[in-house]
Number of protein chains: 2
Amino acid sequence: MDFSIGDLSRRTGVKVPTIRYYEKEGLIEEPIRTEGNQRRYTERDLERLTFIRHGRDLGLPMMAIRELLDLSSHPDAPCADADRIASEQLQNIRTRIAQLQRLEAELLRITQSCTGTHAIADCNVLKAFGDHRLCKGEH
Amino acid sequence: MDFSIGDLSRRTGVKVPTIRYYEKEGLIEEPIRTEGNQRRYTERDLERLTFIRHGRDLGLPMMAIRELLDLSSHPDAPCADADRIASEQLQNIRTRIAQLQRLEAELLRITQSCTGTHAIADCNVLKAFGDHRLCKGEH
DNA sequence: TCTTGAACCTATAGTCGCTATAGCAACTAC
DNA sequence: GTAGTTGCTATAGCGACTATAGGTTCAAGA
């Protein structure tokens, strides 16, 4: 019926100390305890933690997850807010991808200018890191 | 000739407390001081900090930058090591991009399933976050 | 030369999202 | 019963900074 923190950890992929950390931060409820003071969780806790885990996997900041959790406890509210949060995060992720792609291009340029056979003193990799003017694009 | 920590900050784009932090961590040398105990930097310091800044912009972990700095102080060594570090980071960045693109696809799917007009209780965004089985791909 | 205000100094604590450690207690399987 | 795994709390540490407090020094204008 109910299960231990280790079971919850295995079933969600969230590490045990992280679960306790989430509890301390108020992201999940304090569960009931056994007579010996050990935590015992229910299916509801499992669902909530899965929700949190999934949001983290998606790269949502904790704050966004908190907002979504708050929303989901008001089932009559319109879902436009939830949509807004997801859309914002989509925009964030696209920005990050674009940024990384610029860096990729530059690192590629840097590595291609180096044969690996000459001495450090003439190494374009090091020169490229030391001198922004050698960059093709801004970053 | 030499310049203050504020000047160095403006010329490199590295914030003042961050410069002091780098000094404490041994990434840059302790500069000379005025009689009044204020730091005064030279062109050499500027170059080194620019190098560090550029590496950070490229997403290099501090450890990789330390290695590159060590390398550049041994000008007779072959540059294969520098090349290796840059190549490793290129690989890291490509992995991160691929990961983010998977997340982008899923967030897109999630937002598109939501019209914003219905109630939270029926919101696909929240359902999608709560249930991994609704995902198309693994992550 | 004096004054004012910006820039500088040190030291410490806080950020985020965990993760690790120490030193115990309880549960489970044999 | 006992051994071994799992659990408990509390605290410290991680990376890479950032913020704050409370004081000192510098540079430019009057």
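Since the model is a prediction, treat every value here as computed from it, not as a measurement.
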ask   = Which comes earlier along DNA chain C counting from the 5' end, the contact point of A:Arg40 or that of B:Ser4, where each point is its nearest nucleotide?
value =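 Result of the comparison: B:Ser4.
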
task = Using heavy atoms to find the nearest nucleotide of DNA chain C for A:Lys15 and A:Gly36 separately, return the residue whose nucleotide is more 5′.
result =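 Final value for this comparison: A:Lys15.
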
What is the distance, rounded to the nearest whole Å, between atom [atom1] of [X] and atom [atom2] of [N]?
| X | N | atom1 | atom2 | value |
| --- | --- | --- | --- | --- |
| B:Glu25 | D:dT18 | CD | P | 14 Å |
| B:Arg20 | C:dC8 | CZ | P | 8 Å |
| A:Phe3 | D:dG7 | CZ | P | 12 Å |
| A:Leu8 | D:dC8 | CG | P | 11 Å |
| A:Glu30 | D:dG7 | CD | P | 18 Å |
| B:Glu23 | C:dC9 | CD | C1' | 12 Å |
| A:Tyr21 | C:dC16 | OH | C1' | 6 Å |
| B:Met63 | D:dA16 | CE | C1' | 14 Å |

So if I take every side-chain heavy atom of [X] and compare against [options], which nucleotide ends up nearest?
| X | options | answer |
| --- | --- | --- |
| B:Gln38 | D:dA16, D:dG7, D:dC26 | D:dC26 |
| B:Tyr22 | D:dC17, C:dC8, D:dT9 | D:dC17 |
| B:Asn37 | C:dT10, D:dC26, D:dA16 | C:dT10 |

Do [X] and [Y] have side-chain heavy atoms sitting under 4.5 Å apart?
| X | Y | answer |
| --- | --- | --- |
| B:Arg39 | B:Arg33 | yes |
| A:Arg53 | A:Leu49 | no |
| A:Arg44 | A:Glu29 | yes |

ask   = Across the strands shown, which category fits B:Arg39 at heavy-atom distances under 4.0 angstrom: base, sugar-phosphate, nothing?
value = sugar-phosphate

query = Base, sugar-phosphate, or nothing for A:Arg33, non-hydrogen atoms under 4.0 angstrom?
reply =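 Touches sugar-phosphate only.
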
request  = Taking B:Arg48 for its side chain and B:Leu27 for its backbone only, find out whether a donor-acceptor pair lies under 3.5 Å.
outcome  =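 Pair found, side chain donor or acceptor close to backbone of B:Leu27.
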
message = Is it the case that the side chain of B:Ser9 and the backbone of B:Ile5 share a donor-acceptor pair, with hydrogens and angles ignored and the cut-off at 3.5 Å?
response =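 No, B:Ser9 side chain to B:Ile5 backbone: no donor-acceptor pair under 3.5 Å.
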
query = Is any side-chain N or O of B:Thr18 closer than 4.0 Å to OP1 or OP2 of D:dT18?
reply =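 Yes.
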
message = For A:Lys24 and B:Glu35, find the nucleotide of DNA chain D closest to each by heavy atoms; which residue's nucleotide sits nearer the 5' end?
response = A:Lys24

